[in-house]
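I'd like to ask you about the structure that follows.
All values derive from a computational prediction rather than experimental measurement. In the text below, chain A, chain B and the rest are named by the order of the sequence lines, each starting its count at 1.
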Amino acid sequence: MENIAKHRVNEKGEPNLRRYHQARWDEPIIFELSNKDERGILIPEASQELKDEVGDVMAALPKSMRRNKPPALPEISQPQVLRHYVRLSQETLGADFNIDVGQGTCTMKYSPKIHEDLARCPEFAALHPLQDESTVQGILAIMYNFEQILKEISGLDRFSLQPGAGSGAIYGSASIIRKYHELRGESATRDEIITTSYSHPSDPACAKVAGFKIVTLPPDKDGYPDFEAFKAAVSERTAGLHMTNPEDTGIYNPDISDFVDLAHKKGALCFYDQANANGILGITRAREAGFDLCHFNLHKTFSTPHGCGGPAVGALGVTKELEHLLPVPVVEFDGEKYSLNWDMPDSIGKIRAFYGVIGAVVKAYSWAMSLGANGMKTAAEIAVLNNNYLMKKICEIPGATAPYAEGKWRIEQVRYSWENLTKETGITSEQIGIRAADFGVHYWTSHHPWTIPEPFTLEPTESYTKAELDEYIAIIRNAATEARNDPETVKNAPHNCPIHHVHHDPLDDPAQWAITWRSYQKKMEK
Amino acid sequence: MENIAKHRVNEKGEPNLRRYHQARWDEPIIFELSNKDERGILIPEASQELKDEVGDVMAALPKSMRRNKPPALPEISQPQVLRHYVRLSQETLGADFNIDVGQGTCTMKYSPKIHEDLARCPEFAALHPLQDESTVQGILAIMYNFEQILKEISGLDRFSLQPGAGSGAIYGSASIIRKYHELRGESATRDEIITTSYSHPSDPACAKVAGFKIVTLPPDKDGYPDFEAFKAAVSERTAGLHMTNPEDTGIYNPDISDFVDLAHKKGALCFYDQANANGILGITRAREAGFDLCHFNLHKTFSTPHGCGGPAVGALGVTKELEHLLPVPVVEFDGEKYSLNWDMPDSIGKIRAFYGVIGAVVKAYSWAMSLGANGMKTAAEIAVLNNNYLMKKICEIPGATAPYAEGKWRIEQVRYSWENLTKETGITSEQIGIRAADFGVHYWTSHHPWTIPEPFTLEPTESYTKAELDEYIAIIRNAATEARNDPETVKNAPHNCPIHHVHHDPLDDPAQWAITWRSYQKKMEK
Amino acid sequence: MSKEIVYPYIPNSAPDVKAAMLKDLGVSSVEEFYEDVPEKLRLKRTMDLPAPHLSEHELKKHVMGLLKKNSDCTEFSSFLGGGCYQHHVPAICDEVNRRGEFLTAYAGEPYDDHGRFQTLWEYASMMGELLNMDVVNIPTYDWTQAAATSCRMAARMNGRNEILVASTVGPDRHSKILDYCKPELRIKTLDRDHKTGQIDLDALQQAISENTAAIYFENPSYLGIIEDMGQEISRIARDNGAECIVGVDPISLGVLTPPADYGATIVCGDVQTLGIHMQYGGGNGGIIATHDDERYIKEYPSRLFGISTTDVKGEYGFGDVLYDRTSFGAREEGKEFVGTASALWGLTAGVYMALMGPKGMQEIGEGILQRVNYAILKLSELPGVKAPAFSSSHFKEFVVNFDDTGRTVAEINKALREKRIFGGSDLSQIFPELGNSALFCVTEIQNKEDIDQLVNAIAEIVK
Amino acid sequence: MSKEIVYPYIPNSAPDVKAAMLKDLGVSSVEEFYEDVPEKLRLKRTMDLPAPHLSEHELKKHVMGLLKKNSDCTEFSSFLGGGCYQHHVPAICDEVNRRGEFLTAYAGEPYDDHGRFQTLWEYASMMGELLNMDVVNIPTYDWTQAAATSCRMAARMNGRNEILVASTVGPDRHSKILDYCKPELRIKTLDRDHKTGQIDLDALQQAISENTAAIYFENPSYLGIIEDMGQEISRIARDNGAECIVGVDPISLGVLTPPADYGATIVCGDVQTLGIHMQYGGGNGGIIATHDDERYIKEYPSRLFGISTTDVKGEYGFGDVLYDRTSFGAREEGKEFVGTASALWGLTAGVYMALMGPKGMQEIGEGILQRVNYAILKLSELPGVKAPAFSSSHFKEFVVNFDDTGRTVAEINKALREKRIFGGSDLSQIFPELGNSALFCVTEIQNKEDIDQLVNAIAEIVK
Ligand SMILES: Cc1ncc(COP(=O)(O)O)c(C=O)c1O
Ligand SMILES: Cc1ncc(COP(=O)(O)O)c(C=O)c1O
């Protein structure tokens, strides 16, 4: 028998690509599985005695409110419902399955399964938010303890765990900034928030929702937010500064506190978008840089799973000065009992129902408690090591570059460019990404607008082995090689995914788009 | 936009085959993932104080018993361990995923997920079998209640839930038969067990282990066990009769009680192998047919999942007369308290550790309690309806037949034959089966020896829709058509599975076979 | 802990590989990567955090130890509602949403994440059937966000600046709307009829004007009241050029008329009731739905998935509809903002609806009506107990007034807790005008015995 | 229940499809399919079974209601061992074994079930490293079965008819061996040294003969004793042409010498300790291992998986080794029998070993030794308590004798239960010669406080 393992690497010692194929089930739309009268589950019936006492409750409903046509949901037996969904699950590439370094800025780190068990036990999952505080001391303790951890990580003084994700926290920060100036009687004049072109789209977008005009700083030639432009922009109209550091480029901005100081001088508040703080845990904090507010995405740095896009928490921190403006309620501890404090007359009010996605807090707390100060710092350091390793190897691929700040190390991620490759071959970054999917990995370009041409953004986090990073690099290298030698294979990708090239036109055409099955049926009839 | 759904069926209204591909991960062997010093999990350390008190426990071990070389297990971080296993899981075709009617005799019915939740909660999973009875009243109640259900389903008088699967129960029945005759002083003379050629291999094999000589009855021309042969075989040497009804052919043997009566006349005991009773629940029972013993596979009729091949329970039932011989302990209920009765001097002893795979009992009990008498009978009836529907359609495929008992309905399964197809095309049943895997379904031929040429065995159970049965039929029809029109495609299958044609020679060659990685490494070195 | 720890979640913390990678990069220590972080911004000490529980066993013991200090609604018989509900969660909902493929997916492409796109599109499709509407978003955070966004969508459409809000809107929603609409919209509260608890149509007629961007009410309302004048309310809105926004609990829609049928133009609500555990209030997902009208669709901030063809005949593909309208596509020029939201709960609600089908939804609705009516009937027989406080029909929830018992809700609930019952939530802070009242909730999981037990316990407490 | 129920697990119980299928078959009722079942064999009534809980909610309530009557080892501090052990179960073990792909797979081919073959082959491979042996079976039911089969394998190999069994073998194993070997083999029990509890070598020398097929002992033994004369025992066996079978708890093998290293030729044991919950004793899987010697391999009844090549270079394939030796291949001519066994637990033990690695196994072994020694030390300080009853080294378990306390084990355990402790299991029935003794078990999940609590509780009880 031949030694099978020897086929793992090629002559150059690079890993051979996996013979990959994603599960392809060609699954119908769930409505197509419907058969008359099938049942997926039966409902607990009220006892006959009870029914007899209340009579015909349907007839007793106001006529206008009695539904006259049952909802046209599909009728499917339980095994078939399950089969449909588990098949579709296999057609979804979760982080558990792939070398998920290609969704840069998303911090696709490992979400430990033990945390899932903890957050799903009835001792948590079956808690009602309006239970008396005496019956929820355990969960309040976790919320309180976790807040203490975030305070130490950031140096800020108080946190709300309520916002439903990073954007919710950014919105909350804008609302707090608004309220702050309002209470000082400056709301009419302070109507601008300054942010940077490499900040997340939610930084300007949420500030806009809160009523601010947006001023966006361009990058300077090294990719940093342009300080000269900032000096020109900042004024007594400036209500707040929304900054990230490092930005999506992964370059740490050493002048960050100059921005903060100048903003403060003008009377503005400074918000640090730390959605992703994964590279700097235990290294540098919002406090030392002078920020008034910051937020952390628990679904990034703190490992809670992304759930196809939520639920999530954007933990929103503030300095003592702004504490009274946080969303209600906050958790208090008097040394004996934990309680919810609703008595905050200056609060901006509710950002989300109840107290937020506390399941994510249970998981994030567990993550922090499994690592401690040293472990979290190790996570940061290894994430940064992995990122710089990846950068070196990616930049060795002809056609790939890491624009800006050449020669500098990056923190936790890098925005790369295929500008050269595209010029040479016509193959775009998006096409490279789709080809990468043929080998079982994700790949992300960038938010819009694309300031860096033909961008792609990689963020390896601390969760992957060197061998995995090497495999990812080999996949990208292969796609770039194909772009030169076999461009049709790249253009016609994907080949090994559940489906093939999707037609985009129907999605932007009102006559064709179909956001639901019923809509699709109607449009097909026409 | 074109109506996509219209491509679901062909011109004849038959379902078009799925564009299927199983997940293919090309995953290395787990040892290949090892990196020096990586850790998958950390171990709770004893406190320093404790360690100080006990000193160097390793040094205190007898020298001969101190392991001197650590086991060469792989060293892998947790995310990578998880990734490896979940990828391999996707390369495994569980019943949750496929139209699992092709593993005939295995009763691949739906295993409800709620049962899994129940059996995995700490209230059950964290029970130790040696806890005081007062602390396990709940689980004893479930065991007791479930026994009552089995008693009514079979008509027999007492059950042991201890055997670790059907074969364990068959072995147990043989041991009880042995003990029975032993107690009557006939053990020396009664040393034969009669079974039939279509019984499960474990029927003769387990009886042989228990020390019996095996007499196997051939089928008569209609596929029934040959009664004339039985008359000739049965004698004062006969200790027991091991029969199944229906056998793998799915044909109900209406003369079953004649066999039993005659065996009884000769002083033998009769064991009814009801591993799969799925077609006759509530219709006919072991009692009415006169059997002394029977067993049920909870992982078949009672829906407990098959777990890649266990754990399982073969519930072993007996009449009052044999009760005292059952494995110890049995569960008793005095109207107030449940207890374990160990005081059974005639017992054959232990069949398995403790009381059996009680997790499967929790699930089987839940299944029975979710259906009740009417529901279980409905399950049987629909299983039989599905089976006869499948038989009709399969037999319409040119080249496929259902040997024996033409014109008769079958109970829950059918053993088919491709004899004609193989003669015509040279394509074998095994090849058809491997081609079926290219469309995401299982297919099983038969146990050995093959009494029916080029056999295959289908058992649809009650869990599948008509549409699913039609899809399965289309897959088989397609393979048969290809056998004629495109035999190379069939011969080179599988095409859409995780791997390709496996070389069989190394598996039977002592110089090459490798049952472990270490063995493989050694043989590769040579 | 002096020996170096190799963390199970951090593979390259193993010393040899770490050293090899550093060497490959020509760097002697990870410190060097941080050379751009100025000294003054450095944290020059180890973070002051609790000692970790490094082993999984100790971590589990620690966290479970805390969680076990809670008393949950499987131990207590709970009659709490008010925006978070204890319904039966089918096992399959959890089975699907804990599958690693879904649980840990995020923002992949329509190719590698085809299953994510299809399940969420199917969710929207089934929700569309419940709501009788053609467009449903990928869920936003929760109903509070959905309601606030609905108001701003309406205002963007008609350029007006005032929202009329029913007085019986949930307090969290009300607070959120106030904050979220503040820069652009005035929020006015509509009076209700004191007897029925429903919107006072005269008050509405008086309040509405050409400034009114939308009317927003909930049905059933926060107080469990079924608003039966929806047709009239929406007509008034329409006549005045305003949008009619209705918030709804989708679990009611097997038996109650969907808002679209009485003229709602924007519908919002929450998926939590559809197969999602309460999780101390963390199981929400915000529904926004409209008809298939470009004017509305252009105003959604959420992602909307659409179905499409692919290069292979008969193959379904999916993608974003009008992606450029989102903040992902256009930053602050997009509609509000989009980001991580509540996809997993949307997906789960899809599983739930697929399991329930039309019959399940009807039966659960009817069963809840029966139980609620029974609970009202029995409570109303108690001396001093007024149940319900309003004369309308109720779904799932109803207000009970205890003014005449001489006991406060707090006292009653304390006494109930001693009997392992969570009584209705105290309304005396949030609806002081209702006096000493509580909001009771009854779902399909309560049977007659549970309700009788509650009634008997209250009888004993107030006697 | 007069209306016809469509069962969620039985799709074709829906009336229309059922009718259509019957029509297709030209049959008027399902009754017809049973025409071959004679009248006299019919059950002519509805089965007399409890009324079902048709809804999932009610079913769950019913079963959980029963299960909640138990007190489990997460609520109580447990010192029970004796063949079933409370170790920490890593979350990933459960994550993997509840994945539907594995949980509901069964008997597919090496193609469609490639993952099943690979994981089980990997299990065997890792177990091989722990055991230092090249051949490991796909687990059989449990250690009782593995031990009994090992004896019969030995006898088949050398054609002899007697097994010498240590007196400290687990009682279930002993009982199983007696029954299972009965038709062909005599079982003789070997005396033990009264002080050490180990096999008496002189007795062994005397008992062994040319009839001896094998010696079977366990290490650590059922009483927790580490047998340190394995080398001598196996030499005596070898000198007499007998096999040396050793039963082992694999979790000890990070620190203890694997039996192969002191001459065992067949090793058996149980996987339960490796990541599998206790489940009231249902989490077992039986290990059988030997060297890669055809004479042994031919005697296995279990399935053995082997690695192979495929038509594609660099691709691993798997299949059955010597399938024809099994009862699947040859009915009663095969070796004993094979069937559904304990694959899922084997797979799970594989996950566990992969997580633990060499360091994890060493540390857990050392940690258990430390705790056991501590527990012995502290208990031995109590007046009247003799701990351990034997002078040998112990792993995980040890016998405590209470003769001098004047209390029976039953009394002590009852008092301990009142303090929410499960004391050691009572040995007075199964090892009456040990007097009033109990078998205590300590694993990595007990910390100092748990042990101190036990010791203090006993101190109070016996004082
Ligand atoms: C820097 C930054 N800010 C904000 C966000 C928005 O977070 P969310 O998606 O949780 O709303 C992200 C997430 O991608 C981010 O990377
Ligand atoms: C009729 C019959 N008897 C016995 C068995 C053996 O059962 P098990 O595999 O549980 O040992 C089976 C299972 O395939 C069977 O179908």
Exercise. How far does NZ of A/Lys113 sit from CD1 of D/Ile92, to the nearest 0.5 angstrom?
Worked result: 8.0 Å
Exercise. Nearest heavy-atom pair of A/Asp117 and D/Ala91: which atoms, and what distance?
Worked result: OD2-CB, 3.3 Å
Exercise. Atom NE2 in D/His57, atom CD1 in A/Ile43: separation rounded to 0.5 Å?
Worked result: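 Output value for this atom pair is 11.0 Å.
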Exercise. Which atoms of A/Asn35 come close to chain D, meaning under 4.5 Å heavy atom to heavy atom: side chain ones, backbone ones, both, or neither?
Worked result: neither
For this session: Taking all non-hydrogen atoms of both residues into account, name the closest pair between D/Val6 and A/Glu38 and its distance.
Result: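 Result for this residue pair: CG1-CA, 4.1 Å.
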Exercise. Are there residues of residues 80-92 of chain A that reach to under 4.5 Å of chain D by heavy atoms, and which ones?
Worked result: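 Those residues of residues 80-92 of chain A which have a heavy atom under 4.5 Å from chain D are A/Gln80, A/Gln90.
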Exercise. Do the side chain of A/Arg39 and the main chain of D/Tyr9 share a donor and acceptor less than 3.5 angstrom apart?
Worked result: no
Exercise. Which value, rounded to the nearest 0.5 Å, describes the distance between D/Glu4 atom CD and A/Asp37 atom CG?
Worked result: 9.5 Å
For this session: Taking all non-hydrogen atoms of both residues into account, name the closest pair between A/Lys36 and D/Asp16 and its distance.
Result: NZ-OD2, 3.0 Å
Problem set entry | Check: D/Glu315 and A/Ile4 side chains under 4.5 Å, non-hydrogen atoms | no
For this session: Using a 4.5 Å cut-off on heavy atoms from C-beta on, say whether the side chain of D/Ile5 contacts that of A/Leu42.
Result: yes
Seminar exercise, completed: Note: vs chain A, highest number of non-hydrogen pairs under 4.5 angstrom among D/Ser13, D/Ser55, D/Gly100, D/Pro15 is D/Ser55
Exercise. Should D/Glu56 and A/Gln78 be marked as a side-chain contact (heavy atoms from CB on, under 4.5 Å) after you check the CA-CA gap, both sets of side-chain angles, and the distance that decides it?
Worked result: CA-CA 11 Å; D/Glu56 186 179 290; A/Gln78 188 167 122; 4.1 Å; yes
Exercise. Around atom NZ of A/Lys363, are there more than 12 heavy atoms of other residues, nucleotides or ligands at under 6.0 Å?
Worked result: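 It does: A/Lys363 NZ has more than 12 such atoms within range.
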Problem set entry | Which atom of D/Pro8 lies closest to which atom of A/Gly40, heavy atoms considered |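 Smallest heavy-atom distance, with atoms named: CB-O, 3.4 Å.
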Exercise. Relative to chain A, which segment of D/Leu59 carries a heavy atom at a distance below 4.5 Å: side chain, backbone, both, or neither?
Worked result: neither
Exercise. Residue by residue, which of residues 69-78 of chain D have a heavy atom closer than 4.5 Å to a heavy atom belonging to chain A?
Worked result: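 Listed by number, there are no contacting residues, so the answer is none.
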Exercise. Can you tell which of D/Thr309, D/Asp94, D/Thr310 has the highest number of heavy-atom pairs within less than 4.5 Å of chain A?
Worked result: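 Sorted descending by pairs with chain A, the first entry is D/Thr309.
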